[in-house]
There are 2 protein chains.
Amino acid sequence: MAVASDAVRSRILAAGQRITPQRDVIAQLLEAASRPLGATELCAAVAAEDPRIGRATVFRTLAALEQAGIVAQVSLPGGQTGYLLCGTDGHHHHLVCQGCGGVDDVLEAAVSPFLRRLERDHRFRVDHASFTIYGTCARCAGPGVPRSARSTPAR
Amino acid sequence: MAVASDAVRSRILAAGQRITPQRDVIAQLLEAASRPLGATELCAAVAAEDPRIGRATVFRTLAALEQAGIVAQVSLPGGQTGYLLCGTDGHHHHLVCQGCGGVDDVLEAAVSPFLRRLERDHRFRVDHASFTIYGTCARCAGPGVPRSARSTPAR
DNA sequence: TCGGCTATGATACTTGGTCTCAGAGAGGCG
DNA sequence: CGCCTCTCTGAGACCAAGTATCATAGCCGA
């Protein structure tokens, strides 16, 4: 059976959490998915991998991994919650492609000027902002069918 | 019993929806709250106003009002959903004050430069973005404490 | 090896929301 | 006025997501 990558395992350890077979299964499933998994989806996948793992353990593990900064919750369109293994350390945001389900990370540094501007304009102190943005990635936009305006030389 | 304001009623009508006593109650409760109400909270308030109004009607009404652009869903910290009567027409975003629960609207125009920048940097076409930002409004930040001294970078 | 702590599985429960279905009520029309 | 249709409603079953509880298993350090 596959196991979670060393990188993930070491991050779990670094957060002072134990690596257990159950956590390994869950981390590995999220890692293999590379797109946000819904609660039902994840529970089903976990059950398929090892039917003896309980729902409570799944959610506990997600909470533990989230606390360790290894998984993030994103709100999927339709109001559902998706769980996502994220490669980026620290607080960041997500671009979710509605075509392939892939996720791109947006570093906090890219959004903080925007937030500071909001703070100034609205006389508001921002404590916490986390947003998920839906759209279409370059690959899914299709080669040869680029958005008319997107000839911009992106890095 | 109080009724929803004329502005709200006319917006319901403009969206081709009927004004019924039940919708009136719900719109009026949201209007009076001036902060996001959770599902339980709202159902309880509705029941207090008229115990014969069913849950299904509450959610149906919320959906109808949301479609009419009169209410918005915001995700409250803790993952809960709040319902909110919004004064601004068109797509916009919300700043939620964690002190008083008040909500300030952020017009789409204020965020689109940020989104365009993201599109450029990530080669990503943004279809839909809606974010709710938590923080403290100027009033709750407290009088006498100058804003310049208390600005904190977003986490 | 012993004690304590962490993690686990089972299960019941809560919350948030949807679906279904029969019926009430309003509006339009002849 | 009477009828027809269409929207909206209430009740309640149902579902999905997540939490709480509790006894137990297993790891780990002393």
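Because the structure is a prediction, the values reported are computed rather than measured. Letters A, B, ... mirror the listed sequences (proteins, then strands); counts begin at 1.
Under the side chain to side chain contact (heavy atoms under 4.5 Å, CB included) criterion, B:Glu41 pairs with B:Arg35, B:Leu37, sequence neighbours left out. Residues that satisfy the side chain to side chain contact (heavy atoms under 4.5 Å, CB included) test with A:Arg18, not counting sequence neighbours, are A:Thr20. With sequence neighbours excluded, the residues that form a side chain to side chain contact (heavy atoms under 4.5 Å, CB included) with A:Ala68 are A:Ala15, A:Ile70. Checked against side chain to side chain contact (heavy atoms under 4.5 Å, CB included), A:Ile53 has the following partners two or more places apart in sequence or in another chain: A:Gln22, A:Val25, A:Val46, A:Asp50, A:Thr57, A:Val58.
Rounded to whole Å, atom P of D:dA11 lies 8 Å from atom CZ of B:Arg52. When the C1' atom of D:dT7 is taken as reference, atom CD of B:Gln67 falls 14 Å away, rounded to whole Å. For the pair A:Ile53 CD1 and C:dT11 C1', the computed distance is 17 Å after rounding to whole Å. Atoms CG (B:Asp24) and C1' (D:dC8) sit 15 Å apart, rounded to a whole Å. Between B:Leu62 atom CG and C:dT18 atom C1' the separation is 13 Å, expressed in whole Å. Nucleotide D:dG10 holds its P atom 7 Å from the CG atom of B:Asp50, rounded to whole Å. Protein atom CZ of A:Arg23 is 14 Å distant from nucleotide atom C1' of C:dG9, rounded to whole Å. Taking atom CD of B:Gln17 as the reference point, atom P of C:dA26 lies 18 Å away to the nearest angstrom.
The two residues B:Gly69 and B:Arg11 come nearest to each other via the heavy atoms O-NH2, 3.2 Å.
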Identify every side-chain donor-acceptor pair in residues 97-105 of chain A under 3.5 Å, counting partners at least two apart or on other chains, and give the distances.
{"from": "A:Asp104", "atom 1": "OD2", "to": "B:His122", "atom 2": "ND1", "distance (Å)": "3.0"}
{"from": "A:Asp105", "atom 1": "OD2", "to": "A:Thr88", "atom 2": "OG1", "distance (Å)": "2.3"}

What are the atom names and distances for every N/O pair under 3.5 Å that joins the protein to nucleotides 18-24 of chain D?
{"from": "D:dG18", "atom 1": "OP1", "to": "A:Thr81", "atom 2": "OG1", "distance (Å)": "3.4"}
{"from": "D:dG18", "atom 1": "OP1", "to": "A:Tyr83", "atom 2": "OH", "distance (Å)": "3.1"}
{"from": "D:dG18", "atom 1": "OP2", "to": "A:Tyr83", "atom 2": "OH", "distance (Å)": "3.1"}
{"from": "D:dG18", "atom 1": "N7", "to": "A:Arg55", "atom 2": "NH2", "distance (Å)": "2.2"}
{"from": "D:dG18", "atom 1": "O6", "to": "A:Arg55", "atom 2": "NH2", "distance (Å)": "3.2"}

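At distances below 3.5 Å, at least one donor-acceptor pair connects side-chain atoms of A:Glu119 with backbone N or O atoms of A:Val126.
A close approach under 4.0 Å does occur between a side-chain nitrogen or oxygen of A:Thr20 and OP1 or OP2 of C:dT8. For B:Thr57, a side-chain nitrogen or oxygen approaches OP1 or OP2 of D:dG10 to under 4.0 Å. Within the structure, every side-chain polar atom (N or O) of B:Arg18 is placed at least 4.0 Å from both OP1 and OP2 of D:dC6.
Distances from the side chain of B:Gln80 to the nucleotides C:dT8, C:dG9, C:dT15 place C:dT15 closest.
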